[in-house]
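What you are looking at is a predicted structure, and each value in this text was computed from that prediction instead of being measured.
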Amino acid sequence: MRTGADPYVPGHGDLTYDVTHYDLELAYSLEGNRLDGTARLDCTIREDTDELALDLHGLDVTKVSVDGSAVKYRDRTGTLTVRLGETVAAGESVTVTVRYHGHPTPEKTRHLGAAGWEELTDGVIVAGQPHGAPSWFPCNDRPSNKATYRMSIRVAAGYRVVANGSLLSNRRRSSTVTWVYEQLQPMATYLATVHIGRYELRTADDGEVPMHAVLPQRLLSSYDDAFGEQRAMIDTFSRLFGPYPFPAYTVVVTDDDLEIPLEAQGLSAFGANFLTSDWESVRLVAHELSHQWFGNSLTLGSWQDIWLHEGFACYAEWIWSEESGGPSAQQRAEEHHDKLAGLDQDLVLADPGPELMFDDRVYKRGALTLHALRLTVGDDAFFGVLRGWTDKHAHGTVNTGAFVEFAELSTGQDLAELFDVWLNRATLPDLPPAS
């Protein structure tokens with residue numbers, strides 16, 4: 001098996017090229033879980049090469065062409081190797097077209113679990129993080145390669161399709177409807193998603209950011225229990241983090257229960273079991289929304305920097321708690337610091353390893369790191385760092401070193417020791433004193 005681009009997700013990603021645009025034409029039959037697809041990938045070569053490795057899991061390839069000419073390929077062990085026929089120099093571009101079909105299933109690994117295309121009772125959900133994108137389309141599956149997308153998905157009439165970006169059209173022909181979406185802001189492969197179900201659409205245009213809710217009719221009356229404050233959340237986060245980075249925000253609520261919510265670019269998905277007014281549901285609404293800034297607009301280049309997503313999103317929960325009249329961020333920080341102090345001290349936040357990348361300690365220690373920064377530099381400087389960070393790297397790729405450097409430049413303070421003890425050492429530091 002090839003090593004891939006990232007040791008946290010072995011066997012995925014190829015550093016010799018970038019995909020700049022994906023054009024996906026999909027036809028899906030819920031009865032029998034049958035997917036037929038044609039994927040066109042506009043690729044820019046980064047290193048001289050005579051072949052490209054695409055990630056594709058569990059689906060059968062019937063034809064591959066490069067710039068319109070059929071080429072040889074090898075399809076095995078999750079990798080589609082495309083023979084270019086000749087060496088293509090760095091800086092040149094090619095378009096790879098792949099025709100494929102099959103019965104998509106989540107990709108499963110021992111350390112990362114299952115991710116990807118998954119059947120619901122009467123529909124589909126796609127949860128791509130961190131390795132599920134190849135379960136439904138051929139791709140260069142590494143988060144450092146962000147691209148634009150166009151997706152056309154044909155399904156039976158009576159079902160609604162939700163995907164990333166703006167809905168361009170939904171056209172009925174006989175017993176099927178084709179839904180076309182366009183995602184113009186660059187997106188990592190793991191954030192690409194499709195949701196299919198018997199859903200109703202509810203739209204709110206009463207603020208700067210259009211908000212859409214897509215859910216079964218039976219759940220409409222319960223939606224506001226969890227999401228009634230979402231408009232205020234967007235306004236709060238836009239003030240503290242910077243402008244909302246996408247044209248709109250969509251929430252999908254499945255008819256099935258889900259173990260956890262799922263965030264994707266421009267949208268999030270929740271199970272019916274999250275439609276409650278309990279803090280455990282409301283905090284997750286804030287958490288997934290904040291990922292639109294931290295994770296989707298600003299995306300890690302390597303999975304070891306996962307705290308830049310999850311620590312920031314966890315801290316957004318504490319900020320919302322404070323802003324909405326609940327326990328303050330300081331109270332939340334003290335609570336979770338006490339809990340972490342009683343757990344094993346074997347996690348290094350800046351490089352937790354693939355087995356611990358989604359450990360709850362990454363979320364909570366990441367949030368505590370941000371609170372320690374806030375206590376050290378003060379509120380004005382802290383939120384200035386967040387707004388400047390999201391502005392400088394909007395729709396780009398980030399890493400921990402860049403954040404540390406930006407925080408120091410933005411505040412004019414030497415923060416090396418602060419970040420070292422929180423990011424690079426396993427022992428949990430004390431929180432700085434509250435002012």
Side-chain angles (χ1 to χ4, degrees), residues 113 118-127 129 160 162 193 195-204 206-207 209-238 244 248-264 266-296 309-329 331-333 335-336 339 358-360 362-364 367:
E118 183 174 351
E119 294 179 88
L120 299 174
T121 302
D122 188 20
V124 164
I125 188 171
V126 173
Q129 184 175 249
R160 177 176 290 274
V162 181
T193 193
H195 297 273
I196 303 170
R198 297 185 184 274
Y199 295 137
E200 301 290 331
L201 173 65
R202 170 175 161 177
T203 296
D206 55 341
V209 180
M211 292 167 39
H212 308 294
V214 179
L215 66 166
Q217 186 175 22
R218 74 175 184 89
L219 298 177
L220 286 170
S221 61
S222 303
Y223 179 79
D224 285 339
D225 291 348
F227 295 92
E229 296 181 299
Q230 190 169 246
R231 171 65 68 197
M233 290 180 187
I234 286 185
D235 292 343
T236 296
F237 293 163
S238 296
Y244 179 77
Y249 184 60
T250 299
V251 168
V252 177
V253 182
T254 65
D255 208 14
D256 296 43
D257 289 352
L258 298 179
E259 183 179 355
I260 57 173
L262 310 165
E263 129 265 358
L267 62 93
S268 299
F270 293 75
N273 50 312
F274 291 103
L275 292 185
T276 76
S277 58
D278 297 343
W279 170 246
E280 285 304 306
S281 292
V282 173
R283 75 172 181 86
L284 292 172
V285 174
H287 183 106
E288 304 306 333
L289 172 61
S290 70
H291 273 312
Q292 301 307 317
W293 286 265
F294 306 111
N296 300 349
H309 295 188
E310 302 303 348
F312 281 62
C314 182
Y315 197 61
E317 300 173 24
W318 301 356
I319 289 173
W320 177 248
S321 174
E322 183 172 276
E323 290 282 326
S324 60
S328 67
Q331 291 171 305
R332 298 285 185 189
E335 171 194 354
H336 289 290
K339 291 180 179 179
F358 295 115
D359 190 290
D360 190 58
V362 171
Y363 294 57
K364 300 305 190 294

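For Glu322, the side-chain hydrogen bond (donor to acceptor under 3.5 Å, both in side chains) test picks out Arg374, with sequence neighbours left out. In this view, Asp359 and Arg361 satisfy the salt bridge (Lys or Arg N to Asp or Glu O under 4.0 Å) rule, not counting sequence neighbours. Under the rule for a ring pair (Phe, Tyr, Trp, His ring centres under 6.0 Å), the partners of Phe227 that lie at least two apart in sequence or sit in another chain are Tyr223, Phe270. With sequence neighbours left out, Asp224 forms a side-chain contact (heavy atoms from CB on, under 4.5 Å) with Arg202. In this structure Ser324 satisfies the side-chain hydrogen bond (donor to acceptor under 3.5 Å, both in side chains) test with no other residue, sequence neighbours excluded. For Glu317, the side-chain hydrogen bond (donor to acceptor under 3.5 Å, both in side chains) criterion is met by Arg283, His287, not counting sequence neighbours. Applying the ring pair (Phe, Tyr, Trp, His ring centres under 6.0 Å) test to His336 and every residue at least two apart in sequence or in another chain returns Trp318. For Glu323, the side-chain contact (heavy atoms from CB on, under 4.5 Å) partners are Thr236, Arg239, Leu240, Ile319, Trp320, not counting sequence neighbours. Scored by the side-chain hydrogen bond (donor to acceptor under 3.5 Å, both in side chains) test, Ser268 finds Tyr249 as partners (sequence neighbours excluded). Asp278 pairs by the side-chain contact (heavy atoms from CB on, under 4.5 Å) definition with Thr276, not counting sequence neighbours. Remark: Gln217 pairs with Glu200, Leu220 by the side-chain contact (heavy atoms from CB on, under 4.5 Å) rule, at least two apart or across chains.
A heavy-atom distance below 4.5 Å is found between the side chains of Glu335 and Lys339. Considering only heavy atoms from C-beta on, His195 stays 4.5 Å or farther from Val214 through its side chain. Contact annotation: the side chain of Asp255 approaches that of Arg218 to within less than 4.5 Å [non-hydrogen atoms, C-beta and beyond]. You'll find the side chain of Met211 reaches within 4.5 Å of the side chain of Gln230, heavy atoms only.
Nearest approach of Cys314 to Tyr363, heavy atoms of both residues: CB-O, 3.5 Å. For Trp279 against Ser321, the heavy-atom pair with the smallest separation is CH2-CB, 3.5 Å. For Phe237 against Ala316, the heavy-atom pair with the smallest separation is CZ-O, 3.7 Å. Taking every heavy atom of both residues into account, Gln292 and Ala264 meet most closely at NE2-O, 3.1 Å.
Looking only at distances, no side-chain donor or acceptor of Asp122 sits under 3.5 Å from a matching main-chain atom of Gly197. For the pair Thr193 (side chain) and Val126 (backbone), a donor-acceptor distance under 3.5 Å is present. Of the possible polar contacts, none joining the Asp256 side chain to the Gly271 backbone as a donor-acceptor pair under 3.5 Å is found.
Note that CG of Leu120 and CG of Asp257 are 11.0 Å apart. Values are rounded to the nearest 0.5 Å. One finds the CZ atom of Phe274 at 13.5 Å from the CG atom of Leu219 (value rounded to the nearest 0.5 Å). In this structure, CD1 on Ile125 lies 11.5 Å from CD1 on Ile196, to the nearest 0.5 angstrom. Here the CG-NE2 distance, from Leu262 to His291, works out to 10.5 Å after rounding to the nearest 0.5 Å.
Pairs of residues two or more places apart, or lying in two chains, that qualify as salt bridge (Lys or Arg N to Asp or Glu O under 4.0 Å) and include a residue from residues 225-236 are Asp206-Arg231.
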